[in-house]
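Have a look at the structure below, then the notes.
Below, read A as the first sequence line, B as the second, and so on, with proteins coming before strands; counting in each chain starts at 1. None of the values given here were measured: they were computed from a predicted structure.
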Amino acid sequence: MDLARLQQASAVEWRIGPHGRMRVPAVIFADEDLVRQMDDKVYEQITHVAALPGIVQAAYAMPDAHWGYGFPIGGVAAFDADEGGVVSAGGVGFDISCGVRTLHTGLTVADIAPVKQKLADRLFASIPAGVGSSGKLRLNSVDMDAMLRGGACWAVERGYGSPADLERIEERGCVAGAAPEHVSEAAKRRQRDELGTLGSGNHYLELQEVTQIYDVPAADRFRLRVGELVVSIHCGSRGLGHQIGTEFLKAMVLAAPAHGIDLPDRELACAPIDSALGQSYLGAMRAATNCALANREVITHLVRQVFADVVPDSHLALVYDVSHNTCKQESYTVDGKAKRLYVHRKGATRAFGPGHPGLPPELRDIGQPVIVGGSMGTASYILVGTEASHQLAFSSACHGAGRAMSRHQASRTWHGRALVDELAAQGVLIRSPSSRGVAEEAPGAYKDVRAVVDAADRAGLARKVARLRPLVCIKG
DNA sequence: ATGTGC
């Protein structure tokens, strides 16, 4: 991106003043190197988002932002229903409520050294991964609707996961307002046997070692200690979310003229929050959110079974579960007025600061754990939400390293087999059903996650707490 | 991201 098109507000904040059809400014949080590397498409997309009806304050891009469908991935935008605000299927993304959860194990590197290979093989055998993979659960239509309404709470009621997990999940594991009646039969059919599966692309399950602590009090509260192991699970709502996204994108494009919306880009398909279509989408999107929460809960159960078998001394407890692709109603003060806004985060993590009522009581004084997943074979980070982020970017932070190269280009640049060998030599065991999938996810196809996290920290979006190094990676 | 797409 050409820096001349931006006004630099600080070392890590760049502004684009309203021009053309923009209703509000656009703001990019990143250091100079990251901004230079950013695709010009991010500029184009974030200014288009700033032109949507009812947008409040500004359109934001996080340090990991890159070209997405309509909205950039790493984009944040909030809309006011009272000002004709919209909800956008492209603003949430196809993989609705894709997210990451991290569990601490109470184990050290030494504890698992003798069984590392066995753990990798057993996790790979137990957690289905890859395109079209299916799990052991089969949901009939009654179960499907109950799951879509109940999320992780449904899973726990069925014996998957534990009640204590729910306190450590956004919205306590179950988003209100889910409307399974607005989820098509096609979407439900695709999901019938996909619960408890990882999926493909950048989804993964990793065994990670805590290698560095930056904030001791927060790390203590999150029970993260150097040399100890955690498990991180990154996945979403599989075929169901994708089907919902596809169907509503189409419907929103078709209905835009009737809603009086002149789309700056048809990929930004949206509908007024107060319209029937907007409400149907919100109901279906919330159902997909619950599907993703149930999925991560079922996978957690499968992971615990493997650990109970291979390392009986372990006790896997959830640190936190964050969603990356969502639209949520949250309270903010804008121009001195209290507002309930519809905050879209696409490839961005909610990052509530200390004192936020949406946090579980035991974490309320310290802030929300923010999990930033790195690319395959590279570090991940745990951060904590700040009070400043509330005003800076609707309590949002980055979600990962962010792609720097297309999948296609990556698959032509690297070979999966060679990458697996290379990473094994560095002590990272990769298990994946797809050699090409591994090539597409090559660490070199991503931005430097450390630079992304440092920029988020310097901008005040969230504060660094701990660094994690992968030991085992089950890749979709 | 995806019962993948050139």
Have a look at A:Gly199 and say if it touches a base, only the backbone sugar-phosphate, or nothing, with a 4.0 Å heavy-atom cut-off.
-> sugar-phosphate

To the nearest angstrom, how far is A:Arg407 atom CZ from B:dC6 atom P?
-> 14 Å

Find the distance between CG (A:Leu224) and CG (A:Leu229) and round it off to the nearest 0.5 Å.
-> 11.5 Å

Separation of A:Asn295 atom CG from B:dT2 atom C1', in whole Å?
-> 14 Å

Describe the nucleic acid contact of A:Thr246 in one word from base, sugar-phosphate, nothing, applying a heavy-atom distance below 4.0 Å.
-> nothing

For the ring pair A:Phe79 and A:Tyr342, is the centre-to-centre distance below 6.0 Å?
-> no

Would you indicate what A:His203 reaches in the nucleic acid, counting non-hydrogen atoms under 4.0 angstrom: base, sugar-phosphate, or nothing?
-> sugar-phosphate

Which whole-number value in Å describes the distance from A:Leu240 CG to B:dT2 P?
-> 12 Å

Let me know the distance between NE2 of A:His242 and P of B:dG5, rounded to the nearest Å.
-> 8 Å

For A:Arg436, answer base if it contacts any base atom (sugar-phosphate contacts may also be present), sugar-phosphate if it contacts only those atoms, and nothing otherwise; contact means non-hydrogen atoms under 4.0 Å.
-> base

NA contact type, A:Gln191, heavy-atom cut-off 4.0 Å: base, sugar-phosphate, or nothing?
-> nothing

Nearest-angstrom distance from the residue atom NZ of A:Lys250 to C1' of B:dT2 = 13 Å

Could you tell me which non-hydrogen atom of A:Gly347 sits nearest to which non-hydrogen atom of A:Ile73, and how far apart they are?
-> CA-CG2, 4.0 Å

Nearest-angstrom distance from the residue atom CZ of A:Arg238 to P of B:dT2 | 5 Å

Between A:Asp64 and A:Arg403, is there a salt bridge with N-O shorter than 4.0 Å?
-> no

Mind checking A:Gly236 for me? I need base, sugar-phosphate or nothing, with any heavy atom below 4.0 Å counting as a touch.
-> nothing

In whole angstroms, how far is the P atom of B:dT2 from the CD1 atom of A:Ile96?
-> 12 Å

